[in-house]
Structure formats: structure tokens, C-alpha cells
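Numbered from 1 within each chain, the chains take letters A, B, ... in sequence-line order.
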Amino acid sequence: METTRTTIERLGDYVGQTVTLSGWVYNSRASGKIAFIILRDGTGNCQCILEKNEQAESYFAEMKKLPQESSVELTGVVSKEARATGGFELKVEHATLLQKAQDYPITPKPHGVDFLMKKRHLWFRSQRQWHILRIRATIIDEIRRFYNDRGYVLIDTPLFAPAAGEGSQTLFKVDYFGDPIYLAQTGQLYLEAACMAHRKVYCFGPTFRAEKSKTRRHLTEFWMVEPEIAFSDLDELISVAEEFVCSITQRVLKDHRAELIELGRNIEELEAVKAPFHRITYSEAADLLHSDKAKALLDNDLVEKTARVTELDAKIEELEAVAKGGGKQWQKDKAAAEAIGCREERTELREQITNIPRHMELAAGFEWGSDLGGSDETIISRLHDRPIFVTHYPKQVKAFYMRVDRDDPRVVQGFDLLASQGFGEIIGGSSREEDYDRLVARIKEEKLPLEDYEWYVDLRRYGSVPHGGFGLGVERTVSWLCGLKHIRETIPYPRMMGQCYP
RNA sequence: UCCCCGAUAGCUCAAUUGGUAGAGCGAGCGGCUGUUAACCGCUAGGUCGUAGGUUCGAGUCCUACUCGGGGAGCCA
């Protein structure tokens with residue numbers, strides 16, 4: 001039987017016509033004489049209807065009880081159908097089974113993270129994961145376009161790097177023909193050299209950190225885009241970063257509004273991501289942490305979360321009474337299922353509540369000269385409705401290459417961008433020290449091996465100019481824009497401390 | 001490296017002060033022509049993470065370990 005082959009995303013062009021779809025059984029429901037198969041073909045989902053009649057005799061019985069993720073080809077007439085997910089429906093007239101799947105482990109019911117992470121190779125077939133990875137692809141596309149359209153030259157920096165990074169305890173050591181070498185944690189130093197050749201450059205690729213962090217915002221392998229601009233000052237760098245983040249946000253809103261809503265992202269919060277972002281100095285950030293506003297925020301959190309736990313306690317008790325009571329079986333089951341959801345929320349809240357006093361202490365006891373911690377960043381960003389730049393950090397908490405502020409030598413001209421809604425840092429950048437003597441002095445001060453940096457110092461010998469750049473973490477950006485709780489969902493195969501399978 | 005929490009059926013979770021291990025989903029069988037995490041009936045499915053200890057009796061209490069989750073530090 002020869003029919004038109006097409007994909008689900010193009011079904012709108014074929015209403016009333018007979019077409020063939022190929023894909024996987026995402027879910028199915030069947031009664032005696034009718035079956036509904038939700039077909040997933042990689043471009044979308046479509047409900048396919050099979051009726052038990054003479055022409056279906058050869059395949060109906062088999063198709064109606066196919067396990068999840070079995071691969072099939074279905075031929076039928078396309079119709080518009082408001083009741084079906086996706087808006088279209090296929091009334092099947094012919095069906096071919098390609099492979100009957102074995103028991104598929106990921107059911108339409110909830111699963112735990114540990115389980116899903118071990119099934120990552122299957123997990124990203126699920127709707128939610130499918131949406132996230134598509135948004136990631138769009139973000140990466142926008143990143144490339146942004147720089148290509150503005151005359152930046154792509155410079156690929158090495159992944160194998162000699163020790164010359166920012167401190168070797170956070171680097172992965174690799175055996176390089178018998179000598180130690182490290183996986184790059186940034187392309188920046190190489191990029192600085194390239195920007196003296198091409199003026200505006202960027203690199204984009206994976207980067208590696210051996211930090212022993214087990215948190216929802218850390219990966220050991222992640223993607224970072226780093227622009228580097230000659231003849232720039234701090235203000236210009238911040239403006240570029242601002243325009244860049246706005247352009248990514250606008251693009252995602254334009255291309256993925258439906259997916260964002262599906263993911264539960266608050267669209268208004270994203271629409272508020274417009275220039276100008278807030279700009280405060282590190283010293284102002286420190287004052288903010290000591291302020292009543294910060295204390296009130298956490299006090300309020302504590303009250304609200306404690307109240308919610310009490311509310312949940314009562315609700316759980318109530319639901320359990322229903323579950324054990326004399327109602328209909330399905331009512332009891334529903335109550336039991338709801339109780340599980342409430343318990344989950346309660347566990348999470350309790351954990352947050354135990355952390356609040358700690359975070360309050362850290363904020364209130366914050367001392368000028370130390371770096372902002374994760375909880376501090378969360379507080380600062382939650383006190384603002386748009387992303388916020390924090391600038392002029394004390395030089396001792398930042399890398400040796402950052403340009404010392406000529407008016408206040410205690411600080412460097414560096415900046416971080418904290419995403420809104422408490423998602424924390426997504427960009428770190430700075431003006432680089434262009435003065436030969438100052439740079440060498442800083443290298444010595446940090447007790448770094450000067451001989452490893454000879455080539456880097458060369459850049460200050462031959463036509464040194466003010467320059468700088470920044471790095472944006474792709475996964476943290478995806479996490480923020482999609483409103484995800486955990487970074488592990490933002491990359492196809494996450495690599496975290498203690499996790500690298502599959 | 002440190003702090004907190006957890007580990008019970010293939011999956012998600014229950015088990016009232018220590019007293020005979022349960023439910024839903026999934027799987028198998030049967031029923032149902034418009035389902036939306038479909039529904040209804042039946043069946044199978046367990047060395048309660050590992051090793052010790054307390055006790056007449058331990059899923060439940062104690063100790064150590066393993067693995068996982070969250071957080072601190074560090075960072076994008």
C-alpha cells in the first residue's frame with residue numbers, strides 16, 4: 001500500500017487525506033472494540049484511533065495491547081480533533097508492527113530521580129524531557145547566532161590544557177603520554193590571545209570541573225560560551241552580557257511559549273527579563289545581605305513554609321482517613337495517591353526549613369572580603385525582579401587575571417550575573433589586567449608558576465590593550481529559562497559527582 | 001571534606017508507642033465503541049540496602065558500612 005509518509009508536526013497540511021506515520025507507542029487505552037494509541041514520532045504526539053471492524057481484523061487484537069514504546073507504522077485519514085492532544089487525530093486503516101517492545105520501565109506514573117537517571121537513555125523520550133532538550137537546542141542556536149551576527153569570530157580552544165588554569169585542585173587530571181595534563185575548565189586565556197588577532201572572538205564548548213559539589217546547580221561536564229572583546233571596558237562588557245541574555249530569553253519566548261507553559265514556567269517573569277538589568281556593587285550586595293529586607297525575606301519564608309507544613313499535616317491526615325474509610329475503592333485510591341504527593345512536598349519543605357536558619361546566619365554574618373555563597377546569591381536575586389549584575393568584588397576572591405580597579409585597589413573590575421527567581425549565577429566575567437607589571441605581580445602574589453604563563457604574559461608585551469569577556473553556563477541558563485528544579489535535566493547525558501552512567 | 005535526610009514488590013509509596021509485610025501503577029487473564037495518568041473484576045509478584053547488636057519478639061531501637069537525595073564550601 002503506497003501512501004504519503006509524513007510526520008506529526010506536519011499533519012495540519014494533510015487534513016482529510018490518507019497518510020502513513022511511523023513512530024512509537026507513547027501510551028494506549030483500549031476497550032472492547034476501540035483502541036486509542038498515542039503515537040510519538042519524534043516531532044510530536046498524535047492520537048490514533050483503531051476500530052474493530054473487518055479490515056482491522058488482522059491487526060486489531062495485537063495493536064490494542066501493544067506495550068509502551070513498541071515501534072509501529074500507522075496509515076489512516078487525518079482529521080482535526082479538538083479533544084485529542086496535538087489537535088489532530090489519525091483514524092487508522094492499516095497498521096504494521098515493527099517491533100513489539102519488552103516491558104518499558106518508565107511508565108506514565110511518577111518515578112524517582114535515581115531510577116530515571118539510570119534510565120536516562122530512555123528518559124528523554126518522555127514529554128517533559130523532550131521539551132527541555134528542544135529548548136536547549138534553541139538556546140544554543142541563539143547563542144551562535146548572537147555572536148556570528150555581530151562579527152565575533154569563533155575560536156575553538158583546547159580541551160587538553162597544561163596546569164595553567166585557575167587552581168589545579170578543581171581540574172580533572174588526565175594521562176597525556178605519561179605526563180599529567182588537565183581537562184580545560186575555561187578557554188579564556190587562549191581566547192584573550194585570539195582577541196588580539198580578531199578583535200571580537202568567542203569560544204563555545206564543553207568544560208570540566210572536578211569540584212566535589214553535589215547540588216542542584218552543579219555538573220562536572222557542562223557547556224560554556226565565552227566572548228572576549230578587545231578595547232572594551234567593564235561597562236561595555238556588562239552591556240553585551242545584558243543584550244545577550246535578553247536575546248536568548250526573547251528567542252525562547254518566541255519559539256517555545258507552549259513548551260514553557262507545559263513545563264509550568266511563569267511566563268510573566270520571563271517577559272520581565274528586559275534591559276536594563278539591576279547593577280549593584282559587591283559592597284552594596286554585602287549591605288543588602290545585612291539589611292532588614294534580607295532578614296524579612298527569610299523570616300517570611302520560614303513562616304510561610306512552616307504554615308504550609310502544618311496545612312499539609314492536616315491534609316495528609318484527612319486523606320488517610322478517606323483512604324482507610326468506607327468509601328468507593330477508586331475514591332480511596334485517589335486519596336492515597338494525593339497523600340503521597342503531599343508527603344513529598346512536606347519532605348521537601350521540611351528540608352528547606354532546616355536550611356533557613358543556616359542561610360540567615362550566613363547572610364547576617366557575611367563579611368566584606370569573602371565570596372558570595374550560593375544562598376547569598378539566592379537572597380540577592382530574590383530581592384530583585386530582573387537579573388542582577390554584581391560588580392567590583394574583592395580581588396582576593398577572584399582570579400589573578402582580573403583588572404584591579406584603579407580608583408579602589410581593593411576590588412577588581414569583575415562581574416557576575418545572577419538570574420532572577422533565585423536561580424543564581426549564570427555569568428561570570430571581567431576586564432582583564434592589561435598592565436604587564438601589575439599582571440606579573442598578581443601571578444607572583446598567587447604563587448603561580450610564572451613559566452607556565454609566559455605565553456600569556458606575552459600578550460601584555462606586544463600591544464597590550466584594555467579587554468575583557470565573560471562566560472555563560474548553558475545548563476544553568478536552560479535551567480533558569482525552563483524553571484527547572486535541577487540542572488541534571490538540562491543536558492542529554494549529565495555528568496555529576498558519583499554519576500556517569502549511561 | 002563537613003552537616004541533614006533516606007533505602008520495604010519491576011516502579012511510586014504505606015505499615016498507628018517493637019507483635020502475622022500492604023496499596024496503586026506496571027505485568028498476565030477477562031469485560032467495556034470516545035478514552036485523556038481511562039475504568040471494572042481476578043492472578044502472580046518480597047532474604048524490608050549490607051553486617052553486627054539489644055529483645056521472648058525488630059521493617060520499626062542501637063553501632064558500623066555501602067549507595068542515593070539535599071545543603072555548606074567551591075563554582076557557570
Student: Hey, is the side chain of Asn45(A) poking within less than 4.0 Å of OP1 or OP2 on rU36(B), counting only N and O atoms?
Tutor: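 For Asn45(A), the contact criterion (side-chain N or O under 4.0 Å from OP1 or OP2 of rU36(B)) is not met.
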Student: Between rU35(B) and Arg29(A), is there an OP1 or OP2 to side-chain N/O distance shorter than 4.0 Å?
Tutor: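 Checking Arg29(A) against rU35(B): no side-chain N or O falls below 4.0 Å of OP1 or OP2.
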Student: Just by modelled atom types, is the Asn27(A) backbone N or O under 3.5 Å from a matching donor or acceptor in the Arg40(A) side chain?
Tutor: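 Absent.
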Student: Which nucleotide in the set rA72(B), rC29(B), rC75(B) lies at the smallest distance from any side-chain heavy atom of Leu362(A)?
Tutor: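 That would be rA72(B).
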Student: Looking at rA76(B), rG34(B), rG70(B), which one has an atom nearest to any side-chain atom of Glu211(A)?
Tutor: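 Among rA76(B), rG34(B), rG70(B), the one nearest the side chain of Glu211(A) is rA76(B).
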Student: Would you say the side chain of His218(A) and the base of rC75(B) hold a donor-acceptor pair, judged only by whether the two atoms sit under 3.5 Å apart?
Tutor: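 Indeed, a donor on one side and an acceptor on the other fall under 3.5 Å apart.
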Student: Base, sugar-phosphate, or nothing: which does Gly424(A) touch, judged by heavy atoms less than 4.0 Å apart?
Tutor: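 Since no nucleic acid heavy atom lies under 4.0 Å of Gly424(A), the category is nothing.
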Student: What's the gap between rC40(B) and rU47(B) when it is taken at their P atoms, as a whole Å value?
Tutor: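 Going atom to atom, P in each nucleotide, I get 30 Å.
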Student: Nearest of rC75(B), rG71(B), rU33(B) to any side-chain atom of Asn355(A)?
Tutor: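 Nearest to the side chain of Asn355(A) among the choices is rG71(B).
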Student: Please pick, from rC29(B), rG73(B), rA76(B), the nucleotide with the shortest atom-to-atom distance to any side-chain atom of Glu425(A).
Tutor: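 Looking only at side-chain atoms, Glu425(A) lies closest to rA76(B).
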Student: Does Phe222(A) stack onto the base of rA76(B), taking stacking as ring centres under 5.5 Å apart and planes under 30° apart?
Tutor: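 Here the ring of Phe222(A) and the base of rA76(B) are stacked, with centres under 5.5 Å and planes under 30°.
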Student: Is any N or O donor-acceptor pair between the side chain of Arg476(A) and the base of rC75(B) shorter than 3.5 Å?
Tutor: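 For Arg476(A), whose side chain was compared with the base of rC75(B), there is a donor-acceptor pair (under 3.5 Å).
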Student: Distance between the C1' atoms of rU54(B) and rC62(B), in whole angstroms?
Tutor: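 It comes out at 7 Å once rounded to the nearest Å.
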Student: Let's test your reading of the model: under 3.5 Å, does the base of rC74(B) pair with the side chain of Ser213(A) as donor and acceptor?
Tutor: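 Yes.
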Student: Is any side-chain N or O of Arg488(A) closer than 4.0 Å to OP1 or OP2 of rG70(B)?
Tutor: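 Arg488(A) to rG70(B) OP1/OP2: side-chain N or O found under 4.0 Å.
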Student: Whether Arg358(A) contacts rC3(B) is assessed here as follows: a side-chain N or O lying under 4.0 Å from the phosphate OP1 or OP2. Is that the case?
Tutor: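 No, because none of the side-chain N or O atoms of Arg358(A) sits under 4.0 Å from OP1 or OP2 of rC3(B).
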Student: I'd like to know if Glu89(A) reaches the base of rG34(B) with its side chain, counting only an N/O donor and acceptor under 3.5 Å.
Tutor: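 Side chain to base: pair found, below 3.5 Å.
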